[in-house]
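Read through the structure below, which is laid out as structure tokens, and then see the notes.
Just so it is clear, the structure is predicted and the values come from calculations on it, not from any experiment. In what follows, every chain begins at residue 1, and chains take the letters A, B, ... in the order their sequences are listed.
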Amino acid sequence: MGVKRRPSTFVLKVNPILCDGFGHCAELAPELVNVDEWGYPIIRQEPTKINNAGAYESAKYAVRGCPRQALQIEKITDAQP
Amino acid sequence: MLALTSPYFWYTTRATGMVALILFTIVVTMGTLVANRVGGTYVGRFEINELHRSLSIVAMLFLVIHILSTVLDSYVSTGLISAIAPFTSSYRRLPVAIGTIAFDLMLCVWVSSLLKVRIKNSSWRFIHWFSWLAFASAAAHSFLTGSDSHKPWGLAVIGLCVLVVALAGLWRFFGRPVRAAGRTALSPLARAPLAKTSNSRPASSQKVVRRR
């Protein structure tokens, strides 16, 4: 059975080598990103629903707004549809 | 139909050149604000970054108008090739060439920023350093060949622009914070008073601070 599975959740991933702690992601996606005391991001590890439009938009803004291009959105497809 | 010999092209060139220089001063200074992690409490850091990006497009627009009106002006024998290739203008060869070099460098910076998601970030950063050279060339160009550069107000504007960017450069070089120190809007440190030194950190921390 060819059941088309679409990703239903996502997590924001940071490349810690590129990140320089500008803190733009925490401002652009406050529901997903916090900063530690040195200004580096602490990102929500639990997958977020893609249909949570506000969070998904914020994540896209954070990816676009990162001065080091250190962020990316990783979409997750559930095991069972 | 506009006559190509009318002085309006010259007026346009003068005006847009001056405005472009001022705009590039603001763009370079705002870029320094972003790099030095300014903002986070009253104005967002991302907002300064967005303003830096948007204003750079406006500045490039003024620069393109400045170049086009120079090319179209039939009084000066500066062709379309001279917009890209330096030392091809028979009119004021050296000052125009310096302006051409500034435009080429700005094009590099602009195109690399448009392709930012496709190129390596280290390449983008390297090319972005060109903007300092581009501004220096632009300032030299405006001083050497600007029609208003020998009037007190013109000299004052150019001098002020150079001074602002020179201070920004010094600040960029000496004043870069070791780390963001968590001073973004959401940080618990956001409302805390500023530490005396930017590299103060808890003694318990074993984290090695990278300094560039």
If you count every heavy atom of other residues, nucleotides or ligands that lies below 6.0 Å from [X] atom [atom1], does the total exceed 12?
X	atom1	answer
Phe130(B)	CZ	yes
Trp110(B)	CH2	no
Phe62(B)	CZ	no
Leu80(B)	CG	no
Tyr56(A)	OH	yes
Ile81(B)	CD1	no
Lys49(A)	NZ	no
Phe87(B)	CZ	yes

Exercise. With Arg37(B) as the cation and Phe22(A) as the aromatic partner, state whether NZ or CZ is under 6.0 Å from the six-membered ring centre and within 45° of the axis.
Key: yes
Quiz item: Arg68(A) versus Arg125(B): any side-chain heavy-atom pair under 4.5 Å?
Solution: yes
Quiz prompt | Contact residues of residues 117-124 of chain B (partner chain A; heavy-atom separation under 4.5 angstrom) | solution =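 Residues of residues 117-124 of chain B touching chain A at under 4.5 Å: Val117(B), Asn121(B), Trp124(B).
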Self-check item: Under 3.5 Å donor-acceptor, Glu27(A) side chain and Phe46(B) backbone
Solution: yes
Exercise. Can you see which heavy atom on Asn49(B) is nearest to which on Pro67(A), and at what distance?
Key: ND2-CG, 4.3 Å
Quiz item: Can you say whether Cys25(A) sits under 4.5 Å from chain B via the side chain, the backbone, both, or neither, judging by heavy atoms?
Solution: neither
Practice problem: Report the C-alpha distance between Arg64(A) and Lys116(B) in whole Å, list the side-chain angles of each, state the deciding distance to 0.1 Å, and finish with yes or no for side chain to side chain contact (heavy atoms under 4.5 Å, CB included). | Solution: CA-CA 10 Å; Arg64(A) 186 191 167 275; Lys116(B) 198 178 176 190; over 6 Å; no
